[in-house]
Amino acid sequence: MYYTTLPYSIAAAIIFISTALAVRYFIRRLVCRYTTDICRVPKPPGGSWLWGHELEPLSKSWGVVYASWLETYGPVFRLNGALGHDDILVIADPGALSHMLTKNVYGYAKSFIMRPLIERLVGRGLMWAEGEEHRRMHALLSHIFTAEKTKNAYEDVKVSADRVVMKLINHLNSHDGDATIKITEWMGKATLDIIGRIGFGHDFGCGESPEAKKIAAVWEQSVSLGMTKIARIAPIIIRTFPFIVSLPIPAIQAQGAIKLTVKELAEELYVKASANPELNKGKDLLSTLIRANFRERRNISKDELLDHICTFVMVGHETTAGTLGFTIHALAQHPEVQDKLRKEILEFGAEPKYDDFLTKLPYLDAVTKEAMRMFPASAHTERIALHDDVLPLRKPIFTPEGETLISLRIKKSQLIQIPSFPLDRMNAVWGDGNVFRPERWLNPGQLPAPGKLTQGWSNLFIFSEGPRMCIGYRLALLEYKALLSSFVKHFVFHDTGAEIEHVWSNTLQPKVVGEEGLSLPVRVTLADY
Ligand code: HEM
């Protein structure tokens, strides 16, 4: 009896599930066709029945596949989602981005992939919060990142910049003045040192303290594991099966370890600083927050304050280090740009101060903008629409049926990807978007019209735009310019000839083609002047 009925019940179950899936599929297509404009948006051909188009971007250096789609289909297109997920909208149109990120920011939340990732990496701070909670946290934190507070951080930035320069000089002296280094690692020592002081009055010993080494090791482990094929597919699977996040998978657990390490350190300062908040005169961000919490009776929990510090430490140091690393690599590949930059810095003479960086070093400013255009650390992001909405388009879509769409109706839960990495490299906007050419910034006539660009810092997308734009962008720019000018003043960077590809693992990562793990090798010698 058992042997005869089992195949029938399995067959019945298969027929039932297949019919249910087919009915669901057709209902969704009908809903999509008649209540949204998604079906009219261009879509690349192909895409597997199981993975949709979602594995294709992983097959090449990060951004290359999205860039070719953007070239072919324009700034708005759609992809088949993996594992039966609805079509995904990909948006690089400045009008639609401004609607989602500036005008209607709380109508679009971080996606089910991004939010758990952020929570594991840095905790439930500003980057993780949504809606009213985000508004409250932003009001609490924005006053510690003003232009004036950033200016006051200059001395700490300078101390760390000098320390890492001295360390690299010593390193070169012990290698006959000529060494190939992993540039992002060196930049990470400096930016961690800076955020340690500014964030919670901690000295990371220019990357040499045991805690600094632990953070660097855990970060590298998390990024390296994140580069493996399975880890790169994992977010797509997690979207359908969110419980996977709680399984003991090394790549996922390593992300949590970074947060724990930083929290442990910040907790020591928290205990000291909160014992007597009025007497604590610390200038660092944690002390400032503890004092404000005490004076204004805000009742912010210790956990929340520590998560803010974790967020600043991780998103504040890795991003800036990554962009600096890519810039120095670009300078090694463009010696004429490097020489011109060094000349400007040497001719300036004195040590530039905060205000000098803003107005008195135009070529440094041009190099900064060009690098920020080409190497955004946050290389990709995603949003979910929380309500039915209409997205305005700055560049209309012309459908094969002869219709012109100047806006798109979308449904609640629509998943939207923002391809931040290729977004500011589009040839249709920049002409030569993949060419590192700082000179374009010296002549405003050579820049695209602002209407073709997003509304963030310098009309670039690197720090995003609107109320969720990077809160630390002034500090990032100060660190970036102070470190880059010190490095270019003291060292000469040479191209090693290694072919570099980009990987999206937590942030934008460099990797030598054909080698394992993250690496951006640059040959360094001492500047001779
Ligand atoms: C070159 C360096 C940096 C880059 C490229 C960068 C980029 C970004 C981007 C793109 C976002 C928006 C993410 C999104 O909404 O999906 C963001 C948010 C954020 N950044 Fe930065 N960032 C940098 C440095 C810093 C620094 C130095 C700090 C602070 C110490 C910082 C703190 C934050 C925080 C707290 C948020 C969350 C803001 C919110 O959601 O309201 N970042 N950053």
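Everything numeric here is computed off the predicted structure, so don't read it as measured data. One-based numbering, in listed order, for ligands and for the atoms of each. Position 1 is the first residue of the sequence, and the numbers go up from there.
Looking at Lys110 against ligand 1, only its side chain comes within 4.0 Å, counting heavy atoms. If you look at Leu141 next to ligand 1, there are no close heavy atoms at all, none under 4.0 Å.
Ring geometry, Tyr66 versus Trp69: the interplanar angle exceeds 60°, so the pair is classed perpendicular (tilted spans 30 to 60°).
The neighbour count for Lys452 NZ, taken as heavy atoms of other residues, nucleotides or ligands under 6.0 Å away, does not exceed 12.
Under the 3.5 Å distance criterion, with hydrogens and angles disregarded, no donor-acceptor pair is assigned to the side chains of His334 and Gln338. No side-chain donor-acceptor contact under 3.5 Å links Thr146 and Glu148.
Given atom 38 (C) of ligand 1, the protein heavy atom at minimum distance is Leu126 CD2, 3.7 Å. Protein heavy atom at the shortest distance from atom 15 (O) of ligand 1 is Arg383 NH2, 2.9 Å. In terms of protein heavy atoms, atom 6 (C) of ligand 1 is closest to Phe463 CD2, 3.7 Å. Atom 35 (C) of ligand 1 has Ile471 CG2, 3.5 Å as its closest protein atom, hydrogens excluded (heavy atom only). With hydrogens left out, the protein atom closest to atom 42 (N) of ligand 1 is Cys470 SG, 3.0 Å, a heavy atom. Protein heavy atom nearest atom 36 (C) of ligand 1, with residue, atom name and distance: Met127 CE, 3.9 Å. Of the protein's non-hydrogen atoms, the one nearest atom 33 (C) of ligand 1 is Val315 CG2, 3.6 Å. Here the heavy atom of the protein found nearest to atom 7 (C) of ligand 1 is Ile462 O, 3.5 Å.
Residue contact check: Thr381 has heavy atoms under 4.0 Å from atoms 16 (O) of ligand 1. Interface of Ile195 with ligand 1, defined as ligand atoms under 4.0 Å from a residue heavy atom, comprises 30 (C). Numbered from 1 in the order shown, with element, the atoms of ligand 1 that lie under 4.0 Å from a heavy atom of Ser378 read 10 (C).
Atom-to-atom distance recorded for His202:NE2 and Leu286:CG is 12.5 Å, nearest 0.5 angstrom.
For Lys213, the salt bridge (charged side-chain N to carboxylate O under 4.0 Å, His left out) partners at least two apart in sequence or on another chain are Glu208.
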